[in-house]
Amino acid sequence: MHKILLSLALCLFVAAASAQQQPDFSKVEIKVTKVAGTVYMLQGMGGNIGVSAGDDGILIVDDQYAPLADKIKAALKGITDKPVKFVLNTHWHFDHTGGNPYFGETAPIIAHENVRKRLQSGGNITFLKMEVPPASKAALPVVTFEDKVTVHFNGEDIRAIHFPKGHTDGDIVVFFPQSNVVHMGDDFFAGMFPFVDLESGGSVKGLIEDIAQIIPMLPPDVKVIPGHGPLATLDDLKKFEAMLRGASAAVAAAMKQGKTLDQMKQEKVLANFADWGKGFLNSDLFTEILYNDLSGKKTGAFLKHN
Ligand SMILES: [Zn+2]
């Protein structure tokens, strides 16, 4: 009963908070992909879930939305009957942490300390027209860290490393060195412009610096799980970094010429990167994120959007 109420409350919250129609979770199917070694990827709605499955049980990286928890559990059962022993949150956003109250019932949730802080306080994601209320105690990470933590599990040294000021100020990247897999969280949107949450301490400049630091840490044949988008390669991550640098430079150059945001949109300053605008964000919205970031605005302008 408790679960049903919670789930209902969260559904209502999503419905109330979102300007769009509430997503129809009943139609969502969880797709399971074996990535390499002990690691799997689950895709449903929201952020991609990374899974380590083996003799020790299951560790999941992110848990999407609360109404999908039963489907996610069923998908995990298809991999192994063993229980979920650990949950890692890559950052605080609701499409990555919604299942926390469910998976946190039996497994400690581990995250960067800013994830717990932001879940505890709630906050605005103006870009999505959302006011996120403070999370329930059951949704909060119980183990937090500042820089890095290692979970020794399924013969793997699963390393979660915090990179400052990327997609938010609480993002971790999770390395599975023995399986040769990395889960980038929302520091990587595969093949599309990323949402960078300036209000939650994110920054495009910081994101570029983080990715430049991560790339040399990865073997050439590593499998890369992005926060959103299909399973990717190191080459895809390098292209993403190049796009971020190019797009950022294009907006910076236009700002130097004294152009307004509207002019930049009209003149399509990101025309060279048009293909990246077919996913989560179109070119205009990413231009706006870059403009706001480079001009030091952390909030506000997104409200005007549909
Ligand atoms: Zn996110």
Side-chain angles (χ1 to χ4, degrees), residues 17 46-48 50 61-63 87-98 100 109-135 139-150 159-175 182-189 193-215 217 225-228 237 240-241 244-245 247-248 280-281 285-286 288-303:
N48 293 328
V61 180
D62 289 344
D63 49 32
V87 178
L88 289 170
N89 287 156
T90 59
H91 62 294
W92 80 288
H93 284 157
F94 56 91
D95 56 330
H96 297 256
T97 58
N100 276 5
I109 300 166
I110 307 171
H112 184 262
E113 57 186 23
N114 288 344
V115 174
R116 184 177 160 95
K117 276 184 201 156
R118 290 197 181 278
L119 282 170
Q120 241 172 347
S121 64
N124 291 324
I125 308 177
T126 314
F127 184 79
L128 304 175
K129 292 189 174 170
M130 286 190 74
E131 256 182 67
V132 183
L140 298 177
V142 293
V143 179
T144 60
F145 60 94
E146 266 182 69
D147 299 319
K148 54 186 143 182
V149 74
T150 306
R159 283 187 224 293
I161 302 182
H162 170 59
F163 290 88
K165 272 192 162 295
H167 171 68
T168 69
D169 63 5
D171 290 78
I172 54 165
V173 171
V174 184
F175 298 80
V182 64
H183 191 315
M184 291 291 298
D186 277 4
D187 278 349
F188 181 32
F189 282 55
F193 288 134
F195 170 48
V196 178
D197 188 354
L198 307 180
E199 275 168 295
S200 295
S203 130
V204 182
K205 186 169 170 278
L207 183 59
I208 293 168
E209 285 165 8
D210 290 346
I211 294 171
Q213 232 185 304
I214 292 163
I215 284 172
M217 297 168 72
I225 301 176
H228 298 271
L237 185 61
F240 181 71
E241 186 207 6
L244 290 177
R245 284 185 193 279
S248 195
F280 194 62
L281 296 183
L285 290 172
F286 195 55
E288 186 156 346
I289 288 183
L290 284 165
Y291 178 86
N292 284 351
D293 193 14
L294 293 170
S295 55
K297 278 193 204 123
K298 293 297 170 204
T299 179
F302 300 132
L303 270 177

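Just so you know, these numbers use all the heavy atoms, side chains as well, and skip hydrogens, waters and symmetry mates. One is the number of the first residue; the rest follow in order along the sequence.
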Roughly how far, to the nearest 0.5 Å, is the NZ atom of K117 from the CG atom of L140? 13.5 Å

Which heavy atom of V173 sits nearest to which heavy atom of V182, and what is that distance? CG1-CG2, 3.4 Å

Would you call F188 and L237 a side-chain contact if the rule is heavy atoms closer than 4.5 Å? yes

Reported NZ-to-OG distance for the pair K165 and S200, which is rounded to 0.5 angstrom: 11.0 Å

To the nearest 0.5 Å, atom CE of M184 lies from atom CG of D171 at 9.5 Å

With respect to D63, which candidate in D95, V87, L88 satisfies the side-chain contact (heavy atoms from CB on, under 4.5 Å) definition? V87

D293 side chain to V204 backbone, donor-acceptor under 3.5 Å: yes

Any idea which heavy atoms bring L198 and I289 closest together, and the distance? CD1-O, 3.9 Å

Atom CG of L207 and atom CZ of R245: how far apart are they, to the nearest 0.5 Å? 10.5 Å

What's the separation between atom OG1 in T90 and atom NE2 in H183, rounded to the nearest 0.5 Å? 6.0 Å

For the residue pair L244 and P194, what are the closest heavy atoms and their distance? CD2-CG, 3.9 Å

Kindly indicate whether the side chain of N124, heavy atoms from C-beta on, has any atom under 4.5 Å from the side chain of V132. no

Any side-chain heavy-atom pair of W92 and I125 under 4.5 Å: yes

Hey, does I109 have a side-chain heavy atom less than 4.5 Å from the side chain of V115? no

Stepwise side chain to side chain contact (heavy atoms under 4.5 Å, CB included) test for L281 and F189: CA-CA 10 Å; L281 296 183; F189 282 55; over 6 Å; no

Among T97, D197, D169, the one residue meeting side-chain hydrogen bond (donor to acceptor under 3.5 Å, both in side chains) with R118: D169

Write down the atom of D186, the atom of G227, and the distance for their closest heavy-atom approach. OD1-CA, 3.3 Å

Taking H228 for its side chain and N48 for its backbone only, find out whether a donor-acceptor pair lies under 3.5 Å. no

Look at the rings of H93 and H96 and say which category their plane angle falls in: under 30° parallel, 30 to 60° tilted, over 60° perpendicular. tilted

To the nearest 0.5 angstrom, please state how far the NE2 atom of H91 sits from the CG atom of L119. 10.0 Å

Is any side-chain heavy atom of T168 closer than 4.5 Å to one of N114? no

Could you walk me through whether E209 and F163 pass side chain to side chain contact (heavy atoms under 4.5 Å, CB included), step by step? CA-CA 9 Å; E209 285 165 8; F163 290 88; over 6 Å; no

Over all atoms of both residues, closest heavy-atom pair of A247 and F286: CB-CE2, 4.1 Å

Could you check whether any side-chain N or O of R159 sits under 3.5 Å from a backbone N or O of F175, counting only pairs where one atom can act as donor and the other as acceptor? no

What is the minimum heavy-atom distance between H167 and D187, and which atoms define it? N-OD1, 3.0 Å

Tell me whether H112 contacts the main-chain N or O of T144 through its side chain, where contact means a donor paired with an acceptor under 3.5 Å. no

When you compare the side chain of E113 with that of E146, does any pair of heavy atoms fall below 4.5 Å? yes

